[in-house]
Amino acid sequence: MFSSMRASSSAASMARRVMVSSAAQTQSCRMFSASTIQRAAASSTSSSPSPKKGSNWLTVTALTALAATSGYYLFSPVDAKPVANKTVAPSTPILSPLKAEKPSVPSIVDADKKKSLEKTTVIFVLGGPGAGKGTQCANLVRDFGFIHLSAGDLLRAEQERPGSQYGELIKTYIKEGKIVPMEVTIALLENEMLASGQDRFLIDGFPRKMDQALKFEEAVVPSKFTLYFECPEEVMLKRLMKRGETSGRADDNIESITKRFRVFTQTSFPVIEHYGNLGKVHKVSCVDAPEVVYANVKMIFNELFHENK
Ligand SMILES: Nc1ncnc2c1ncn2[C@@H]1O[C@H](COP(=O)(O)OP(=O)(O)OP(=O)(O)O)[C@@H](O)[C@H]1O
Ligand SMILES: O=c1ccn([C@@H]2O[C@H](COP(=O)(O)O)[C@@H](O)[C@H]2O)c(=O)[nH]1
């Protein structure tokens, strides 16, 4: 059960300042071995009930088998099409098989990717389900020119993309409130970042797990800071149930919400604590009306980016 007391007390100890990361971008070869994908699939399912032998499990198995036979994968930015500040699913498979002779030798594509993401600013926007992350991101897009990438939206779009080999897997994970294997999510995010040609991103609802945070920062780009929207569970529950009346989301119902709260407390909140310990978290209470919340968010961004369009 999500403990807002735990969230509050831990978060209270988080430093409120931002450390602008001067760490060199340690882009490494972006190829994932069969064992990496296998481990990811295993760890993603290990904290949850074993997947039933159905399309979900078959898809994980297929992904693993494909990795085993072709050796490595390179995340491909092909055909991802950003439309204004919205994201749409790439129209080609997100994991392209690549015959790599030696995984330790970065490809030309890796070098190009590294260069194009060199000056990129990434802000992780985290908080419990229904805290209001998407609502506040829309304000920041309008006022500060960020590109908003919601990991959940990208996964839902990929789920709907005709011919997606991950559609069924994503569907099951979302309904169960479980965390989709990070290879899929990171590929979707990276594709969108590269295809946008922009350099300022709000990454909403990701990373949801420590290994995702570490892998993204190593393979894509380090985050500048995390914007954490703190909200008590009962407030989030009310908002999600209300949203569920019209959202059409398969996880805006009491069963899925309960599971999502549990995953947030047990698995995702430690990511916020991790960045808090590094002094890289800005916490904003999300309890008040949206405009009041945004006034606080805006103050932070005005200070950090010295601009107010
Ligand atoms: N400060 C607020 N006060 C009241 N309602 C809000 C507030 N912020 C957002 N909402 C409403 O609560 C619901 C959830 O907001 P939103 O979709 O922005 O949350 P989220 O954190 O992005 O959710 P999720 O994690 O499920 O994607 C929406 O219906 C939104 O209109
Ligand atoms: O990085 C991510 C983001 C999301 N998911 C899955 O999607 C749902 C919905 O996410 P929202 O942020 O609420 O839109 C989430 O419960 C996960 O099942 C994910 O796996 N990884």
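Remember, it's 1-based here, ligands and their atoms both numbered in the order they're listed.
Contacts between Arg156 and ligand 1 below 4.0 angstrom, taking non-hydrogen atoms only, are absent altogether. With a 4.0 Å cut-off on non-hydrogen atoms, Glu245 does not touch ligand 1 at all. Within the 4.0 Å heavy-atom criterion, neither part of Ser247 lies near ligand 1.
Distances between N or O atoms of Asp204 and those of ligand 1 include no value under 3.5 Å. Considering backbone and side-chain atoms alike, Ala131 places an N or O below 3.5 Å from some N or O of ligand 1.
Every residue meeting the side chain to side chain donor-acceptor pair (under 3.5 Å) condition with Lys242, not counting sequence neighbours, appears here in chain and number order: Glu245. In this structure Glu255 satisfies the side-chain contact (heavy atoms from CB on, under 4.5 Å) test together with Asn253, sequence neighbours excluded. Remark: Asp251 engages Ile174, Arg249, Ser256, Arg260 in a side-chain contact (heavy atoms from CB on, under 4.5 Å) (not counting sequence neighbours).
Of all atoms in ligand 1, listed by their number and element, those nearer than 4.0 Å to a heavy atom of Arg260 are 26 (O). Listed by number with element, the atoms of ligand 1 under 4.0 angstrom from any heavy atom of Gly132 are 8 (N), 9 (C), 15 (O), 16 (P), 18 (O), 19 (O), 20 (P), 21 (O). Proximity to Gly134 (heavy-atom distance under 4.0 Å) selects the following atoms of ligand 1: 18 (O), 20 (P), 22 (O). Remark: ligand 1 atoms within the under-4.0 Å shell around heavy atoms of Ala289 are 1 (N). Within the listing of ligand 1, atoms 1 (N), 2 (C), 3 (N) sit less than 4.0 angstrom from a heavy atom of Asp288.
Around NZ of Lys171, the count of heavy atoms belonging to other residues, nucleotides or ligands within 6.0 Å does not exceed 12.
Among Glu291, Arg239, Lys242, the residue whose heavy atom lies nearest to atom 6 (C) of ligand 1 is Arg239.
In this structure, Pro270 and Phe264 approach most closely via the heavy-atom pair CD-O, 4.5 Å. Pro181 and Leu169 get closest at one heavy-atom pair: CD-CD2, 3.9 Å. Between Ser150 and Arg156, the closest heavy-atom pair is OG-NH2, 4.4 Å.
Ligand 1 has at least one atom lying under 4.0 Å from a heavy atom of Gly130. Distances shorter than 4.0 angstrom occur between a heavy atom of Arg249 and an atom of ligand 1. Distances shorter than 4.0 angstrom do not occur between any heavy atom of Gly127 and any atom of ligand 1.
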Item to check | Arg208/Val263 under side-chain contact (heavy atoms from CB on, under 4.5 Å): CA gap, chis, key distance, verdict | outcome: CA-CA 9 Å; Arg208 283 174 128 90; Val263 170; 5.8 Å; no
Next on the checklist: Walk me through whether Gln159 and Ser164 qualify under side-chain hydrogen bond (donor to acceptor under 3.5 Å, both in side chains).
Outcome noted: CA-CA 7 Å; Gln159 177 195 308; Ser164 169; over 6 Å; no
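Within 4.0 Å of ligand 2, the residues that place a heavy atom are Ala151, Gly152, Leu155, Arg156, Tyr173, Ile174, Gly177, Lys178, Ile179, Val180, Thr185, Gly205, Phe206, Arg208, Arg249, Asp251, Arg260, listed by chain and number.
With hydrogens and angles disregarded, no donor-acceptor distance shorter than 3.5 Å links the side chain of Lys133 to the backbone of Gly205.
For the pair Gln212/Val271, no side-chain contact is recorded, criterion being any heavy-atom separation below 4.5 Å from C-beta on.
Just one of Asn296, Val297, Leu304 meets the side chain to side chain contact (heavy atoms under 4.5 Å, CB included) condition when paired with His282; it is Leu304.
Between Phe124 and Phe216, the ring planes are perpendicular. Angles over 60° get that label, and only those under 30° would be called parallel. Ring planes of Phe305 and Phe146: perpendicular class, angle over 60° (limits at 30 and 60°).
The closest protein non-hydrogen atom to atom 17 (O) of ligand 1 is Arg243 NH1, 2.8 Å. Atom 20 (P) of ligand 1 has as its closest protein heavy atom Lys133 N, 3.5 Å. For atom 30 (C) of ligand 1, the closest heavy atom belonging to the protein is Thr135 OG1, 3.8 Å.
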